[in-house]
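Beneath this line is the structure, given in structure tokens, with notes to follow.
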Protein chains: 2
Amino acid sequence: MSDPLDDIDKKILLLLQHNARMPISQISKEISMSQPSVKERIIKLEEKNIIAEYGTALNLRELNRGTTTFILVKTEQCERFVEFCKGAKEVTDLFRISGEYNYLIKVQTATVEELAEFQDALVQLGPSKSHISLKNIFENRIVL
Amino acid sequence: MSDPLDDIDKKILLLLQHNARMPISQISKEISMSQPSVKERIIKLEEKNIIAEYGTALNLRELNRGTTTFILVKTEQCERFVEFCKGAKEVTDLFRISGEYNYLIKVQTATVEELAEFQDALVQLGPSKSHISLKNIFENRIVL
DNA sequence: GTTGAAAAAACAGAGGA
DNA sequence: TCCTCTGTTTTTTCAAC
């Protein structure tokens, strides 16, 4: 684990977190620091692996995947289940968890009907418990 | 909802998904299309709101938040609970869900001890059920 | 959709406080 | 670690096809 971030690093990351394509020049203006210094800090954050990657978040509703469901799964066929999830485009997140259930998956479907079809395929791998998301209040939030 | 994406849009999004800072010039080379055309397509994807935002993914382990836990919560004090979560930096995701429980939250702590402290604060808002992540197999995956 | 060229902007490196 | 200065590269915006 790395040293804690100082306030300038935090400011830079706050800007980059929701706009990874912001030019260095603009970051430089916003935090009142010269471009080379900003660039240097960003490179260090990348090298220290604090910045994992620059990603592009897509709008799932526009992609016709607006229905979010969390499913807890209890299976005895772990390998087969993981392969099933990797091959199912509906599954966006897959975690191995502790407790009564083995796995927690996050599933994005167009509709609840499509969710039902997914569950039909899932049922042969073991019992599961679904929780449809009624509202995404916030997501992927990292408070520095 | 928008029209389905064509293959060129998919290629551009695949490149941007895991490297939002990739220069247009490089995208242009990789997909063998002129820079102005690539730029035009990206602008359209932004305008159609298919690209929601360019984000920066941080390494939670390096930030001393390497322990992931999913908690199902049943509360009768919804407003208070949501405010509690907004104010708790450990909570990275908050969903209102259907079923026996009201909410599903994702919590990032340094250790399980810190998780226990969080649960102590949570207990007064209602019963909950925790699932510690033993392994993050994949996350935020969108297959186009 | 393409190429090509000019203007503007961003970036990279050196040297020094 | 930060700054300024300078040269280079990249992006952007046209035009015409």
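Proteins come first, then strands; the chains are lettered A, B, ... in the order of their sequence lines, and each starts at number 1. Quantities reported herein were computed from a predicted structural model and do not represent experimental measurements.
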Requested in this report: Check whether more than 12 heavy atoms from other residues, nucleotides or ligands sit under 6.0 Å from atom CZ of B/Arg96, and answer yes or no.
Outcome: yes

Requested in this report: Could you tell me the separation between the CZ atom of A/Arg21 and the C1' atom of D/dT11, rounded to a whole number of Å?
Outcome: 11 Å

Query raised in the report: What is the distance from CD1 of B/Ile42 to C1' of D/dT10, rounded to the nearest Å?
Result: 14 Å

Report summary line: Atom CD1 of B/Ile27 and atom P of D/dT10 are separated, to the nearest Å, by 14 Å

Requested in this report: Send over the distance from B/Lys29 NZ to D/dT9 P, rounded to a whole Å.
Outcome: 13 Å

Report summary line: In whole angstroms, the gap separating C1' of C/dC11 from CD1 of A/Ile43 amounts to 10 Å

Requested in this report: Ignoring backbone atoms, establish whether B/Ser34 has a side-chain N or O less than 4.0 Å from OP1 or OP2 of C/dT2.
Outcome: yes

Query raised in the report: Is any side-chain heavy atom of A/Tyr101 closer than 4.5 Å to a side-chain heavy atom of A/Ile71?
Result: no

Report summary line: Taking for A/Pro36 and for A/Pro23 the nucleotide of DNA chain C with the nearest heavy atom, the one nearer the 5' end belongs to A/Pro23

Query raised in the report: Which nucleotide, C/dG1, C/dC11, C/dA10, lies nearest any side-chain atom of B/Met33?
Result: C/dG1

Requested in this report: Round to a whole Å and report the spacing from CE of B/Met22 to P of D/dT10.
Outcome: 14 Å

**Report entry** B/Gln35 CD - D/dT10 P separation (whole Å)
**Finding:** 9 Å

Query raised in the report: Should we count NZ of B/Lys29 as having more than 12 external heavy atoms under 6.0 Å?
Result: no

**Report entry** Nearest listed nucleotide, side chain of A/Ile8, among D/dC3, C/dC11, D/dC2
**Finding:** D/dC2

Report task. Please state whether the phosphate of D/dT11, meaning OP1 or OP2, lies under 4.0 angstrom from any side-chain nitrogen or oxygen of B/Lys39. Result -> no

Query raised in the report: Under 3.5 Å, is there a donor-acceptor pair between the side chain of B/Asn102 and the main chain of B/Thr75?
Result: yes

**Report entry** Which nucleotide in D/dT10, D/dT1, C/dG4 has an atom nearest any side-chain atom of A/Glu40
**Finding:** D/dT1

Query raised in the report: If only side-chain N and O atoms of B/Ser25 are considered, is one of them under 4.0 Å from the OP1 or OP2 phosphate oxygen of D/dT11?
Result: yes

Query raised in the report: Is any side-chain heavy atom of A/Ile137 less than 4.5 Å from a side-chain heavy atom of B/Phe95?
Result: no

Query raised in the report: Given C/dT2, C/dA10, D/dT11, which nucleotide is nearest the side-chain atoms of B/Ser37?
Result: C/dT2

